[in-house]
K.L.:
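Handing you a structure now.
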Amino acid sequence: MNNNLKISFANINNIHDIIIIQERLPIFTEKQLVNVLNDENRIILIAYSDNIPVAFICFAVLVDHIDIINIVTREAYKKQGIASRLINELYKFGSSKNINKFFLEVRITNTAAILLYEKNGFKKISTRKKYYTNPVEDALIYEYINI
Ligand SMILES: CC(C)(COP(=O)(O)OP(=O)(O)OC[C@H]1O[C@@H](n2cnc3c(N)ncnc32)[C@H](O)[C@@H]1OP(=O)(O)O)[C@@H](O)C(=O)NCCC(=O)NCCS
């Protein structure tokens, strides 16, 4: 459990920190981040531990639900409950907008993410065969209804 965590809404000034958090993972390019952060329907929550950028969650706010686009914790800060804290903040954000339904898709082999989502209430609702490329893999579709 990381007790020195501060979570806030990211803006254009946080782009460098988001790139630092991604480390070697090919998630967002700088240009894509500019687009995300200029889109009022896509939001990034960023977590700092003692002012060091350590994790973020990116999600899309739709009419009646929220789609999680990505969630990442830096290697040295994993397994401290940080991603769960971000998901919790996401649920609070949803409540503030009267949205209680959340969806996501995840690679079938991504055990850490699957266990994270299941621990935070997500239930598997379907599978999309060969949805991902490089490598080709099925996607699992998960849903959480916050009641
Ligand atoms: C998935 C990820 C975001 C988890 O971040 P994290 O901050 O380490 O997660 P937490 O510490 O909040 O873990 C919460 C729970 O998730 C599960 N979990 C997280 N990492 C795990 C791992 N390596 N192996 C097994 N379970 C894991 C556990 O159930 C854990 O609870 P526990 O610590 O009580 O056992 C992180 O591993 C990551 O950045 N992965 C690469 C990016 C990615 O794949 N994102 C998902 C894309 S869909």
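These numbers come from a predicted model, not from an experiment. For this chain, numbers begin at 1 and follow the sequence in order. Note that ligands are numbered from 1 as they come in the structure, with each ligand's atoms numbered from 1 the same way.
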K.L.:
Report yes if some N/O of T73 lies less than 3.5 Å from some N/O of ligand 1; otherwise report no.
P.N.:
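The answer is yes, given that T73 and ligand 1 share an N or O pair closer than 3.5 Å.
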K.L.:
Between N110 and ligand 1, is there a nitrogen or oxygen pair with a distance under 3.5 Å?
P.N.:
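Yes, at least one N or O pair falls under 3.5 Å.
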K.L.:
Determine whether any heavy atom of Y117 lies closer than 4.0 Å to an atom of ligand 1.
P.N.:
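Contact present.
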K.L.:
Tell me, please: is G81 in heavy-atom contact with ligand 1, that is, under 4.0 Å?
P.N.:
yes
K.L.:
Out of I71, V72, L25, who is nearest to atom 43 (C) of ligand 1 when you count heavy atoms only?
P.N.:
I71
K.L.:
At a 4.0 Å threshold, what atoms of ligand 1 neighbour a non-hydrogen atom of Q80?
P.N.:
11 (O)
K.L.:
Write out the residue and atom name of the closest protein heavy atom to atom 26 (N) of ligand 1, then the distance separating them to 0.1 Å.
P.N.:
L115 CD1, 3.4 Å
K.L.:
NE2/H65 to CD1/I145 distance, rounded to the nearest 0.5 angstrom?
P.N.:
11.5 Å
K.L.:
Hey, any chance Y77 and I46 share a hydrophobic cluster, counting ILVMFWY side chains that come within less than 4.5 Å of each other, even indirectly?
P.N.:
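No; tracing contacts between hydrophobic side chains, which count when under 4.5 Å, never links both residues.
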K.L.:
Quick one: look up the protein heavy atom nearest atom 47 (C) of ligand 1 and list residue, atom name and how far away it is.
P.N.:
N70 OD1, 3.5 Å
K.L.:
So between A113, A83, C58, whose heavy atom ends up nearest atom 9 (O) of ligand 1?
P.N.:
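Looking at heavy atoms only, A83 sits closest to atom 9 (O) of ligand 1.
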K.L.:
Looking only at heavy atoms, which two atoms of I27 and Q22 are closest? And how far apart?
P.N.:
CB-OE1, 3.6 Å
K.L.:
How close does the nearest protein non-hydrogen atom get to atom 38 (C) of ligand 1, and which residue and atom is it?
P.N.:
K78 CE, 3.5 Å
K.L.:
Show the atoms of ligand 1 that are less than 4.0 angstrom away from any heavy atom in K119.
P.N.:
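Here the atoms of ligand 1 in question are 15 (C), 29 (O), 31 (O), 32 (P), 34 (O).
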K.L.:
Can you report which non-hydrogen protein atom sits closest to atom 21 (C) of ligand 1, along with the distance?
P.N.:
A112 CB, 3.4 Å
K.L.:
Would R74 and E23 pass as an ion pair if we require N to O under 4.0 Å?
P.N.:
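Looking at E23 together with R74, the answer is yes, because their closest N to O distance falls below 4.0 Å.
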K.L.:
Any idea which atoms of ligand 1 are less than 4.0 Å away from a heavy-atom of S84?
P.N.:
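Once the distances to S84 are compared, the set is 12 (O), 14 (C).
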K.L.:
What residue and heavy atom of the protein are closest to atom 8 (O) of ligand 1, and at what distance?
P.N.:
K79 N, 2.7 Å
K.L.:
Taking everything shown except Q32 itself, do over 12 heavy atoms lie less than 6.0 Å from its CD?
P.N.:
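Result for CD/Q32: enclosed.
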K.L.:
May I have the step-by-step check of side-chain hydrogen bond (donor to acceptor under 3.5 Å, both in side chains) for N14 and Y48, ending in yes or no?
P.N.:
CA-CA 11 Å; N14 301 106; Y48 290 87; 2.9 Å; yes
K.L.:
Tell me whether the count of non-hydrogen atoms from other residues, nucleotides or ligands lying under 6.0 Å of CG in N4 goes above 12.
P.N.:
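Count over threshold, so yes.
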K.L.:
For residues I99 and D64, determine if any side-chain heavy atom of one lies less than 4.5 Å from a side-chain heavy atom of the other.
P.N.:
no
K.L.:
Are K123 and E143 ion-paired here, with the side-chain N under 4.0 Å from a carboxylate O?
P.N.:
no
K.L.:
Can you tell me which residue and heavy atom of the protein come closest to atom 13 (O) of ligand 1, and the distance to 0.1 Å?
P.N.:
L116 CD1, 4.1 Å
K.L.:
What heavy-atom pair brings I21 and V72 nearest, and what distance separates the two atoms?
P.N.:
CG2-O, 3.9 Å
